[in-house]
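Nothing here was measured: the structure is a model prediction, and the numbers come from that model.
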Amino acid sequence: MTKALVLGGGGVTGIAWHLGILCGLQRAGVPLGDADTIIGTSAGSVVGAILAAGADLEAAVDFQQQDQVRAGGSRSRDTGAAMAAMAVLADPSVPPREARARVGQFALAATTLDEQAYLARMQPLLPVHEWPDRDLRVLVVDTADGEDVLLGAASGVPLVKAISASCAVPGLMPPVTIDGRRFMDGGVRFGAGADLAAGAERLVVIAPLAWLGRDRIVAEMAASGAAKTLLIEPDAAALEAFGRDFMDPAARPASVRAGLRQGADLAEAVRAVW
């Protein structure tokens with residue numbers, strides 16, 4: 001019986017909610033850290049690395065609620081421009097890969113932080129810097145042609161660089177150079193990457209932004225071929241906790257608490273699949 005855990009994108013509020021869900025499930029006796037494969041996209045790549053490395057989820061949840069985390073960061077970033085640019089991904093008249101390539105052009109042209117400065121900023125924010133001895137896969141998208149690529153330990157790409165690329169929201173962070181190509185946020189794939197877990201018999205998908213593309217995620221899950229599947233998405237209270245700015249660090253405490261509550265509520269449903 002092979003088990004896959006897919007963690008979708010969702011900004012800083014998504015990281016907090018992911019951690020809350022996982023910790024809430026762990027408290028209820030349903031830990032998902034024993035997954036055979038963990039696939040992370042953007043926020044999910046950060047959380048996936050934490051989980052795959054066996055880090056202390058209770059400590060990670062506590063950190064999300066500390067005063068310096070609530071006060072840290074800035075709300076000056078224009079997430080509206082990024083969301084508007086990625087609206088093309090939802091246009092059914094545009095082939096998905098072409099839509100991703102269009103977003104890639106926007107990402108390359110946008111004025112953001114210098115790439116090296118971005119990587120330097122990400123380094124201390126990531127609690128895990130080396131690939132864990134687990135099947136962890138990080139999803140990124142090529143800005144040139146919209147191709148999606150899964151990076152793992154065998155890719156030879158440093159973990160911090162892989163995660164930074166997967167978190168490079170177009171218009172907010174610069175694409176990351178890997179082997180001469182520029183890669184951006186795996187969330188541009190506009191799903192959760194559940195179909196990339198093909199071969200798993202049991203599949204749990206945790207998707208903070210499921211409301212943006214739920215039908216696509218459900219189709220991905222069906223394409224995986226898994227016999228038992230479950231999609232965990234934010235409920236109304238969690239969405240309220242996130243607020244309108246998914247990059248707002250001040251929303252982390254409420255987001256992680258929403259995750260803890262949902263994790264406890266969903267424990268039996270997860271147990272039945274896992």
**Message:** Under the criterion side-chain contact (heavy atoms from CB on, under 4.5 Å), I'd like the reasoning laid out for Phe63 against Val256: C-alpha separation, chi angles, the key distance, then a yes or no.
**Reply:** CA-CA 10 Å; Phe63 179 75; Val256 78; over 6 Å; no
**Request:** For Leu172 and Asp185, run side-chain contact (heavy atoms from CB on, under 4.5 Å): C-alpha distance rounded to whole Å, both residues' side-chain angles, the deciding distance at 0.1 Å, then the answer.
**Result:** CA-CA 10 Å; Leu172 297 184; Asp185 194 326; over 6 Å; no
**Derivation and outcome, side-chain contact (heavy atoms from CB on, under 4.5 Å), residues Met173 and Met122** = CA-CA 11 Å; Met173 295 87 165; Met122 287 292 288; over 6 Å; no
**Request:** May I have the step-by-step check of side-chain contact (heavy atoms from CB on, under 4.5 Å) for Lys3 and Leu32, ending in yes or no?
**Result:** CA-CA 9 Å; Lys3 300 185 284 189; Leu32 299 185; over 6 Å; no
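Asp34 CG: more than 12 foreign heavy atoms inside a 6.0 Å radius. Within a 6.0 Å sphere centred on CD of Glu130, other residues, nucleotides and ligands contribute 12 heavy atoms or fewer. Few gaps surround CG on Asp114; more than 12 heavy atoms of other groups in view lie less than 6.0 Å from it.
Annotation: the span from Leu212 atom CG to Ile217 atom CD1 amounts to 8.5 Å, rounded to 0.5 Å. Taking CZ from Arg121 and CG from Leu126, the interatomic distance works out to 13.0 Å, rounded to the nearest 0.5 Å. To the nearest 0.5 angstrom, Thr143 atom OG1 is 6.5 Å from Arg182 atom CZ. Here the CZ atom belonging to Arg137 is positioned 12.0 Å from the CG atom belonging to Leu151, to the nearest 0.5 angstrom. The CD1 atom of Ile50 sits 9.5 Å away from the CG atom of Leu22 when rounded to the nearest 0.5 Å. Remark: Thr37 OG1 to Asp135 CG distance equals 3.5 Å, nearest 0.5 Å.
Between Arg102 and Glu98, at least one side-chain nitrogen of the basic residue sits less than 4.0 Å from a carboxylate oxygen of the acidic one, meeting the salt-bridge criterion. Salt-bridge check for Arg189 with Glu220: passed, with a basic side-chain N closer than 4.0 Å to an acidic carboxylate O.
Without hydrogens or angle criteria, Arg257 side chain to Gln65 main chain gives no donor-acceptor distance under 3.5 Å. No donor-acceptor pair closer than 3.5 Å links the side chain of Gln26 to the backbone N or O of Leu57. Side-chain atoms of Tyr118 never come within 3.5 Å of backbone atoms of Val176 as a donor-acceptor pair (strictly under, hydrogens ignored). Panel note: side chain Arg202, backbone Val273; a donor-acceptor pair is recorded below 3.5 Å. Checked by atom type and distance alone, the side chain of His18 pairs as donor or acceptor with a backbone atom of Gly8 at under 3.5 Å. Side-chain atoms of Gln262 do not come within 3.5 Å of backbone N or O of Gly20 as any donor-acceptor pair. Between the Thr2 side chain and the Glu201 main chain, a donor and an acceptor come within less than 3.5 Å of each other. With hydrogens and angles ignored, the 3.5 Å screen pairs a side-chain donor or acceptor of Ser166 with a backbone N or O of Leu139. No donor-acceptor pair closer than 3.5 Å links the side chain of Gln123 to the backbone N or O of Val160. In this structure, Trp131 contributes its side chain and Val157 its backbone to a donor-acceptor pair below 3.5 Å.
Linking Ile, Leu, Val, Met, Phe, Trp and Tyr residues whenever their side-chain heavy atoms come within less than 4.5 Å places Leu19 and Val204 in a single cluster. Val12 and Leu113 fall within the same hydrophobic cluster, defined by Ile, Leu, Val, Met, Phe, Trp and Tyr side-chain heavy atoms under 4.5 Å apart, directly or through other members. Under the 4.5 Å side-chain heavy-atom criterion for Ile, Leu, Val, Met, Phe, Trp and Tyr, Ile21 and Leu231 are members of distinct hydrophobic clusters. By the criterion of side-chain heavy atoms lying less than 4.5 angstrom apart, applied directly or through intervening Ile, Leu, Val, Met, Phe, Trp or Tyr residues, Leu51 is grouped together with Leu230 in one hydrophobic cluster.
A heavy-atom distance below 4.5 Å is found between the side chains of Glu58 and Cys23. His129 is not listed as a side-chain neighbour of Leu159, based on a closest heavy-atom distance of 4.5 Å or more. Residues Val141 and Phe190 are not in side-chain contact: their nearest non-hydrogen atoms beyond the backbone lie 4.5 Å or more apart.
Heavy-atom minimum distance, Trp211 versus Leu239: CD1-CD2, 3.7 Å. In plain terms, the two heavy atoms of Met184 and Pro170 that are nearest each other are SD-CG, 3.9 Å. The heavy-atom pair separating Ala267 from Leu25 by the smallest distance is CA-CD2, 3.7 Å. The two residues Arg134 and Ile38 come nearest to each other via the heavy atoms NH2-CD1, 4.1 Å. Taking all atoms of both residues into account, the shortest heavy-atom contact from Val6 to Ala197 is CG2-CB, 4.3 Å. The two atoms that bring Ala237 and Arg261 nearest to each other are CB-NH2, 3.4 Å, heavy atoms only.
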